[in-house]
**Q** 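Below is the structure I would like to discuss, written out as structure tokens.
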Amino acid sequence: MAQQSQAVAYAALLLAGSNTPLTADNVEKLTKKAGVNVPKQLAAAFVKAFEGKDILSLLSVGGGQGSAPAAQTTQAAAKPAEAPKAVEKPKDPEPEEDVDMGGLFD
């Protein structure tokens, strides 16, 4: 079933990329040419789910830099202002100990 669903999804992408109408018949033709037998119900359900939607525009949403700043401002607006955190002082480095290497480097 997963292979059939994947074949239907790829067929829909191919149809959208070639400006061919997304119909159950077109999906079935492409999947048969690919060697995958897809039930008519699966192709029809997929076509119905994307009826009236532009598949290529759905893929481009959120993929570019245009939507990232909007998401950041939304998250920033949702959080209340926080008080600045206290800066911790760095610890003093511990003195190195002399290790007896058994005269190896004498």
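Note that the structure is predicted; figures quoted are calculated from it, not measured. We use all heavy atoms of the structure for the numbers below, so side chains are in, but hydrogens, waters and symmetry mates are not.
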**Q** Applying side chain to side chain donor-acceptor pair (under 3.5 Å), which residue pairs with at least one partner in residues 17-26 are found, sequence neighbours left out?
**A**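 Qualifying pairs, neighbours excluded: S18-T20, T23-N26.
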**Q** Enumerate, atom names and distances included, each donor-acceptor pair closer than 3.5 Å involving a side-chain atom of residues 30-52, sequence neighbours excluded.
**A**
unit_1 : atom_1 : unit_2 : atom_2 : d
T31    : OG1    : V27    : O      : 3.0
T31    : OG1    : E28    : O      : 3.0

**Q** For the atom pair CG (L22) and CG (L14), what is the distance rounded to the nearest 0.5 Å?
**A** 11.5 Å
